[in-house]
Amino acid sequence: MCGIIGYTGHRTVVPILIGALKRMEYRGYDSAGVAVLNGALRIEKDAGKVQNLEQKIRDAQLSGQTGIGHTRWATHGAPTQLNAHPHTDDEFQIALVHNGIIENYSALRQELTKSGHEFKTETDTEVVAALIQEFYQGDFAHAVQKALKLVKGTYGLAILSVNHPGMVIAARMGSPMVIGHGDGENFVASDPTAFLHFTRDVTYLEDGEIAVVTSDKVEYRTLADEHIDKKLEQLTFDIAAIEKGGFSHFMLKEICEQPQTVADSMRGRLLIDEGTVKFGGMAAVMETLNQAKRVLFLGCGTSWHAGLVGEYLMEELAGVPAEVEYASEFRYRSPALEPGTIVFAISQSGETADTLAAIREAKRHGAPVFGICNVVGSSIARETNAGVFLHAGPEIGVASTKAFTSQITVLFMLALQMGRARRVGASRGRELVQELREIPNKISRILATREKIETIAHHYKQCRNFLYLGRGVNFPVALEGALKLKEISYIHAEGYPAAEMKHGPIALIDRDMPVVFIASKDGVYEKVLSNIEEVRARGGRVLVIATEGDQEIANHADEVVYIPSTDPLLTPLLTVIPLQLLSYYMAVQRGCDVDQPRNLAKSVTVE
Ligand code: AGP
């Protein structure tokens, strides 16, 4: 996610801002910028890396002792110089940097445009600066409080006003903001890494709070202007730990981020009362979607597995024939794309060469192609006619985890939207939307059992082969679980449709090849149960992912990991979590390089 730094004190602010932004580079970003107060408001920002910015700042000879800085991971608007933060109001009185997603920015933008404000970027953030200026009548903190009461969504903010030199206001709703307390100087940041070199004395903002920061004072208030006292805390993390948010690896951090990232993938997109969804990036092509006669998903690796879940969801909800193809295969065969076929290219990085080539091939055949990507401004996002961003934040671990669940969330919403236009009634739609909204909490409940999964990993870490079996929408999850284990623990693992085991793989069953079953309570549960018995009858060991409350399954398994119950179509969002954790702990216990497994790259930009 984006990195935020603010400073006011006795030092020259520019080196502090630049140093802080560099220390937050690990978070992933695609543009950076600073604003400095020195009589006037001076801003320098650019797409690309912080070192590009440094040269621009030197050339501009920025100076001052109060300023803010930002590294941006684009969620709305491509990573360009114009869209980079800081953003200002149109009178250049307020400058701010933002981390999060403003859900109601288009409505606010319309209102502010009516009252004469002009906007120059595609970002949601710019609206907040205009709103603060709209309410400013001399009291900076009050203007911020009034503005933020109208904002829906998430934000971490650092704000400057040209009329209040020596002051930075920080605000928090859903995105972390921490205050660093120095001697004659104070810091605000999204991540204490930014100022840890200067002070370990910190306080934390809670949702709905602002901090009014000057060099010798920090005042905390609610948006209702109630004053709050906070106790200083001591930071004990080392830098490396902070970069991973206190987790041992980025992969574990990203697995544990999934309640938040799944929520972010649906944020601002659910029409709860209507029991459907809306995608800003697909509004212009809704007619094409509603006329579609066939859907083709393209992807590689984990994204291909997500597409396979999408195939089941699309046919089940929308009744539209769907299929998923490996992008690398599609690009070299002469695909028969009938008129009325629409294509979804799924890619976390948005740079996978095979997927990019497959998009070009599909477009060459005249099919409309839509992107489902995590990186705004990526090649695939730019080369597709429209699309949906995951809003999952940078995925740094090579093994894809949070991107997978965000891809499935988006695919579920797409299938629901197309289903509601065809055959899904409003009450079923409302039921599914409500179930989807409960998924983040249900993922949190599974994450709370991760010590049990770590213990199970101990029992199986010496095994050299695994089989993963599932049926229906959980067959792709079996494939994904096998891929996770393979790519980070280097244990051979294969995923299969559970019924396929009888057609060959059953010959492999013995005590040395554990079989992981996904046996959530759904229409094929009894069938999976008989597959489990077939394995046990041949002395195989069985690990089962089962639905809470299913005591019977424990009589048929060596290990059971439970997931909360949900609609069968949404179970992949839950059944994959224990499999991600199992592969993570096995890899750690085998001493593997979890975040950078051998031979693998995070984005395969070559054939
Ligand atoms: C998944 O854990 C792997 N890192 C890999 O299979 C990945 O999913 C694949 O390379 C596709 O990447 P993309 O989603 O960025 O296109």
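Values below: all heavy atoms of this structure, side chains included; hydrogens, waters and symmetry mates excluded. First listed ligand is number 1; within each ligand, the first listed atom is number 1.
Those atoms of ligand 1 with a heavy atom of Ser349 less than 4.0 angstrom away are 13 (P), 15 (O), 16 (O). For ligand 1 and Ser400, the ligand atoms under 4.0 Å from any heavy atom of the residue are 1 (C), 2 (O). Counting atoms of ligand 1 from 1 in the listed order, those under 4.0 Å from a heavy atom of Ser303 are 8 (O), 13 (P), 14 (O). Using a 4.0 Å cut-off to heavy atoms of Ala399, the atoms of ligand 1 that qualify are 2 (O).
Using 4.0 Å as the threshold, Lys484 has a heavy atom nearer than that to some atom of ligand 1.
Salt-bridge formation is detected for the pair Glu435/Lys442: a Lys NZ or Arg NE/NH1/NH2 atom is positioned less than 4.0 Å from an Asp or Glu carboxylate oxygen. Checked for salt-bridge contact, Glu454 and Arg450 miss the test: no charged N lies under 4.0 Å from a carboxylate O. Using a 4.0 Å cut-off between charged nitrogen and carboxylate oxygen, Glu548 and Arg445 count as a salt-bridge pair.
Looking at Glu487 against ligand 1, only its side chain comes within 4.0 Å, counting heavy atoms.
By the salt bridge (Lys or Arg N to Asp or Glu O under 4.0 Å) test, Glu25 is found to be paired with no residue, residues two or more places apart in sequence or in another chain being considered.
No donor-acceptor distance shorter than 3.5 angstrom exists from the side chain of Asp567 to the backbone of Leu432, with no hydrogens or angles considered. Counting only distance, with no hydrogens or angles, the side chain of His85 and the backbone of Arg72 share no donor-acceptor pair below 3.5 Å.
Atom 16 (O) of ligand 1 has its nearest heavy-atom neighbour, among Leu390, Thr352, Thr302, Ile346, in Thr352. Considering Gly301, Cys373, Ala345 only, the shortest heavy-atom separation from atom 6 (O) of ligand 1 involves Gly301.
Close N/O approach between Val398 and ligand 1 is found [any backbone or side-chain N/O within under 3.5 Å]. Taking distance alone, with nitrogen or oxygen atoms compared against 3.5 Å, Thr355 stays at or beyond that limit from ligand 1.
The only option from Gln407, Glu480, Glu487 that meets the side chain to side chain donor-acceptor pair (under 3.5 Å) definition with Thr302 turns out to be Glu480.
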